[in-house]
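Structure first, commentary second.
Along the sequence shown, the residues carry numbers beginning at 1. For the numbers below, each heavy atom of this structure counts, side chains included, while hydrogens, waters and symmetry mates do not. Order of appearance sets the numbers: ligands from 1, and atoms from 1 within every ligand.
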Amino acid sequence: MKQSTALYVNGLSVNFGGFAALTNLTLEVPYGQTRAIIGANGAGKTTLMDVITGKTRPTSGEVFLDKTVDLAGLDEAAIARLGIGRKFQKPSVFENLPVQKNVELAVRKGRGFVAMLMSRLNAGQSQRVEEVLDTIGLAAERDRLAGTLSHGQKQWLEIGMLLAAEPRVLLLDEPVAGMSDEETARTVGLIKRLAAPQRAIVVVEHDMDFVSQVADLVTVLHEGQVLGEGSMDMVRRDPRVIQVYLGRG
Ligand SMILES: Nc1ncnc2c1ncn2[C@@H]1O[C@H](COP(=O)(O)OP(=O)(O)O)[C@@H](O)[C@H]1O
Ligand SMILES: [Mg+2]
């Protein structure tokens with residue numbers, strides 16, 4: 001069965017002053033898919049995520065969730081409430097709190113303001129905290145202060161905090177940047193556990209081995225435009241992609 005569309009970006013352009021960061025960009029990400037966006041620095045990858053999450057307004061074009069909800073008219077908080085979660089390049093966890101408390105805060109937040117004020121988690125929330133700790137592989141580290149975690153563990157914790165809200169769309173900007181090889185390999189496993197029929201994942205990454213292991217489909221951006229789209233193997237063999245991106249250094 002063909003999955004329905006989670007994210008629909010249609011003819012999107014973003015200009016900063018006179019500079020075109022994105023030009024007439026169209027892409028569609030279905031539920032159940034992990035999509036990688038690759039391209040050189042400055043290609044417009046982060047700008048695309050900024051538009052999807054309401055941080056940057058399109059100059060023209062459309063961005064829809066489920067092909068029905070027009071995201072261009074909503075602010076960042078409203079877009080987050082719709083179930084679009086984003087991890088930025090730098091992890092931002094509460095360093096002075098234990099790992100488990102970080103996840104608890106995220107679970108409460110996902111349940112609204114009144115629930116967040118309650119001092120104790122209900123049974124469902126406690127269960128969600130355990131599920132998240134298991135998924136991100138940090139159950140054994142639950143009592144450690146987040147500030148003492150390795151860089152990779154902090155990234156997983158932040159992904160866990162996003163997961164608490166059970167996002168329909170998960171946007172990950174360079175999740176393995178700065179990770180050791182072992183942490184990167186573990187992150188492959190994590191992304192595969194995050195994938196679900198009712199979730200779309202969009203991951204921006206420069207590590208092509210990582211991309212080839214997690215992505216169902218790869219979109220190549222070049223100077224704000226789609227240069228190509230296909231499997232990692234197809235994209236790897238595309239002469240234009242090799243010329244402008246993969247062939248360098
Ligand atoms: N707020 C902004 N104002 C002006 N230029 C910007 C802004 N954000 C990004 N840019 C420019 O847009 C281009 C795309 O940036 P970005 O989306 O961050 O690329 P990527 O994430 O692919 O490296 C770059 O040339 C960058 O300098
Ligand atoms: Mg970027």
Sole residue of Val132, Leu105, Val93 in side chain to side chain contact (heavy atoms under 4.5 Å, CB included) with Met161
Val93
Got an N/O contact under 3.5 Å between Gly42 and ligand 1?
yes
Do other residues, nucleotides or ligands put more than 12 heavy atoms under 6.0 Å from Tyr31 OH?
yes
Flag the pair Arg186 and Glu182 as a salt bridge only when some basic side-chain nitrogen lies within less than 4.0 angstrom of an acidic carboxylate oxygen.
yes
Shortest protein contact, atom 7 (C) of ligand 1 (heavy atom only)
Phe16 CE1, 3.3 Å
Under the 4.0 Å line, does any protein heavy atom show up next to atom 5 (N) of ligand 1?
yes
For atom 26 (C) of ligand 1, is there a protein heavy atom at a distance under 4.0 Å?
no
Report yes or no: does Ala40 have a heavy atom closer than 4.0 Å to ligand 1?
yes
Taking only residues at least two apart or on different chains, which pairs with a member in residues 8-25 satisfy side chain to side chain donor-acceptor pair (under 3.5 Å)?
Asn10-Glu62
Residues Arg144 and Glu141 bridged, charged N to O under 4.0 Å
yes
Nearest protein heavy atom to atom 19 (O) of ligand 1, by residue and atom, and its distance?
Gly44 N, 3.3 Å
Quick one: look up the protein heavy atom nearest atom 17 (O) of ligand 1 and list residue, atom name and how far away it is.
Thr47 OG1, 2.6 Å
Any salt bridge linking Glu229 with Arg35? Criterion: basic side-chain nitrogen under 4.0 Å from a carboxylate oxygen.
yes
Close-contact set for ligand 1 against Ala21 heavy atoms, below 4.0 Å
12 (O)
Below 4.0 angstrom, N of the basic side chain to O of the carboxylate: do Arg86 and Asp50 qualify?
yes
Kindly compute the distance separating CG (Leu190) from OG1 (Thr184), expressed to the nearest 0.5 Å.
12.0 Å
With the threshold set at 4.0 Å, does a side-chain nitrogen-carboxylate oxygen contact exist between Arg142 and Asp134?
no
Would Glu166 and Arg128 pass as an ion pair if we require N to O under 4.0 Å?
yes
min-distance protein heavy atom vs atom 18 (O) of ligand 1 -> Thr46 CB, 3.7 Å
For Tyr245, which of Asp238, Leu227, Ile38 qualifies under side chain to side chain contact (heavy atoms under 4.5 Å, CB included)?
Ile38
For Asn41, the atoms of ligand 1 under 4.0 Å from one of its heavy atoms are 23 (O)
What is the total of protein N/O/S atoms that are closer to the Mg ion (ligand 2) than 2.8 Å?
1
Atom 11 (C) of ligand 1 has as its nearest protein heavy atom Phe19 CE2, 3.8 Å
